[in-house]
Amino acid sequence: MKSTVLMVRTGRAEVVQDITGECVAFVREASGGGDGLLNVFVPHATAGVAVMELGARSDDDLLAALGELLPADDRWRHAHGSRGHGRSHVMPALIAPYATIPVIGGAMALGTWQSVAFVDLNVDNPERQVRLSFLSD
């Protein structure tokens with residue numbers, strides 16, 4: 001297994017951040033042109049990984065949907081940090097903190113419009129990590 005950690009700077013805003021380019025670069029080097037699996041893992045209790053279409057405002061749609069499902073208000077029992085912080089701890093139950101992507105011939109086998117996105121509603125932590133691991137036989 002080969003592994004690396006990406007540092008992701010989100011600032012103080014909710015984000016759907018495209019990390020596909022970083023994944024492509026890692027897979028290219030780690031795979032040596034072979035087959036395997038890329039595991040993308042976020043070691044945080046308030047962030048997730050989505051494989052989805054990005055651009056065309058899909059990222060805005062995801063943030064809007066999460067805002068409706070998980071409003072940033074005072075209903076949350078987990079109530080430290082910024083207003084509505086508790087929702088950030090619920091989000092990984094909806095958007096898992098991991099994704100596994102097949103790698104064929106040294107390239108991620110994503111669909112035509114699929115990208116890898118880091119999703120974070122937690123505005124209290126502006127710097128995050130994403131672990132990329134390549135597994136092969």
Side-chain angles (χ1 to χ4, degrees):
M1 179 174 87
K2 296 179 182 172
S3 189
T4 193
V5 175
L6 301 177
M7 299 306 295
V8 178
R9 182 149 183 75
T10 61
R12 298 260 180 216
E14 299 174 359
V15 297
V16 175
Q17 188 165 328
D18 189 352
I19 59 169
T20 308
E22 292 90 336
C23 293
V24 166
F26 172 72
V27 163
R28 185 179 302 123
E29 183 172 323
S31 71
D35 299 346
L37 296 172
L38 172 65
N39 182 262
V40 182
F41 177 72
V42 179
H44 300 288
T46 59
V49 176
V51 176
M52 61 180 285
E53 178 181 5
L54 294 176
R57 307 215 45 210
S58 298
D59 39 353
D60 294 332
D61 289 338
L62 177 58
L63 288 176
L66 290 171
E68 289 179 26
L69 288 169
L70 305 170
D73 58 23
D74 295 328
R75 73 183 69 200
W76 307 99
R77 290 179 183 94
H78 183 103
H80 70 83
S82 61
R83 186 169 192 256
H85 177 77
R87 76 190 188 126
S88 298
H89 288 274
V90 173
M91 190 206 66
L94 302 173
I95 298 176
Y98 58 86
T100 302
I101 301 157
V103 174
I104 309 296
M108 291 189 299
L110 292 172
T112 301
W113 302 111
Q114 288 181 317
S115 296
V116 182
F118 171 77
V119 182
D120 192 0
L121 300 181
N122 184 352
V123 299
D124 296 327
N125 295 30
E127 295 194 19
R128 310 302 240 153
Q129 296 179 353
V130 178
R131 178 167 294 282
L132 304 179
S133 300
F134 179 74
L135 298 103
S136 64
D137 57 0

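Residue numbers run from 1 in the order of the sequence given.
Linking ILVMFWY side-chain heavy atoms closer than 4.5 Å, directly or via other members, places L110 and V103 in a single hydrophobic cluster. Both F134 and V130 belong to a single network of hydrophobic side chains, linked directly or stepwise wherever heavy atoms of I, L, V, M, F, W or Y lie under 4.5 Å apart. The cluster map of Ile, Leu, Val, Met, Phe, Trp and Tyr, joined by side-chain heavy atoms under 4.5 Å apart, puts M52 and V49 in different clusters. Tracing side-chain contacts under 4.5 Å through hydrophobic residues (I, L, V, M, F, W, Y), one reaches L69 starting from L62; they form part of the same cluster. A continuous path of hydrophobic side-chain contacts links V51 to M108 [ILVMFWY only; heavy atoms under 4.5 Å].
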Self-check item: Trace of the side chain to side chain contact (heavy atoms under 4.5 Å, CB included) decision for R128 with T46
Solution: CA-CA 10 Å; R128 310 302 240 153; T46 59; 2.4 Å; yes

Self-check item: Trace of the side chain to side chain contact (heavy atoms under 4.5 Å, CB included) decision for V123 with T10
Solution: CA-CA 8 Å; V123 299; T10 61; over 6 Å; no

Practice problem: Decide yes or no on side chain to side chain contact (heavy atoms under 4.5 Å, CB included) for K2 and T4, but give the supporting numbers first. | Solution: CA-CA 7 Å; K2 296 179 182 172; T4 193; over 6 Å; no

Self-check item: Working for side chain to side chain contact (heavy atoms under 4.5 Å, CB included), residues L70 and W76
Solution: CA-CA 9 Å; L70 305 170; W76 307 99; 3.7 Å; yes

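S88 and P92 get closest at one heavy-atom pair: O-CD, 3.2 Å. Closest approach of L37 to P102, counting heavy atoms only: CD2-CA, 3.9 Å. Nearest approach of M91 to G48, heavy atoms of both residues: CE-N, 3.5 Å. Residue E22 comes nearest to L6 through the heavy atom pair CB-CD1, 3.6 Å, listed as atom of the first residue, atom of the second, then distance. Across every non-hydrogen atom of V27 and G106, the tightest pair is CG1-O, 3.4 Å.
Between the CG atom in L94 and the CG atom in L66 there is a gap of 7.0 Å [rounded to 0.5 Å]. One finds the OG1 atom of T20 at 8.0 Å from the CD1 atom of I101 (value rounded to the nearest 0.5 Å). Rounding to the nearest 0.5 Å gives a distance of 10.5 Å between CG of L54 and CD of Q17. For the atom pair D35 CG and L135 CG, the distance stands at 13.0 Å (nearest 0.5 Å). Taking CE of M7 as the start and CD of Q129 as the end, the distance is 4.5 Å to the nearest 0.5 Å.
Side-chain N or O atoms of S115 include none that pairs as donor or acceptor with a backbone N or O of E53 at under 3.5 Å.
Inter-residue side-chain proximity for N125 and H44 is flagged as unmet; no heavy-atom pair is nearer than 4.5 Å. Looking only at side-chain heavy atoms (C-beta outward), F26 and L38 come within less than 4.5 Å of each other. Here the side chains of D120 and V42 are not in contact, with every heavy-atom distance at 4.5 Å or above. Side-chain contact between V15 and V8 is absent, with no heavy-atom pair separated by less than 4.5 Å. Counting heavy atoms from C-beta outward, L63 and L121 have side chains that approach closer than 4.5 Å.
Judged by distance alone, the side chains of H85 and D124 do bring a donor and an acceptor atom under 3.5 Å apart. Looking at R131 and S3, their side chains do bring a donor and an acceptor atom within 3.5 Å of each other.
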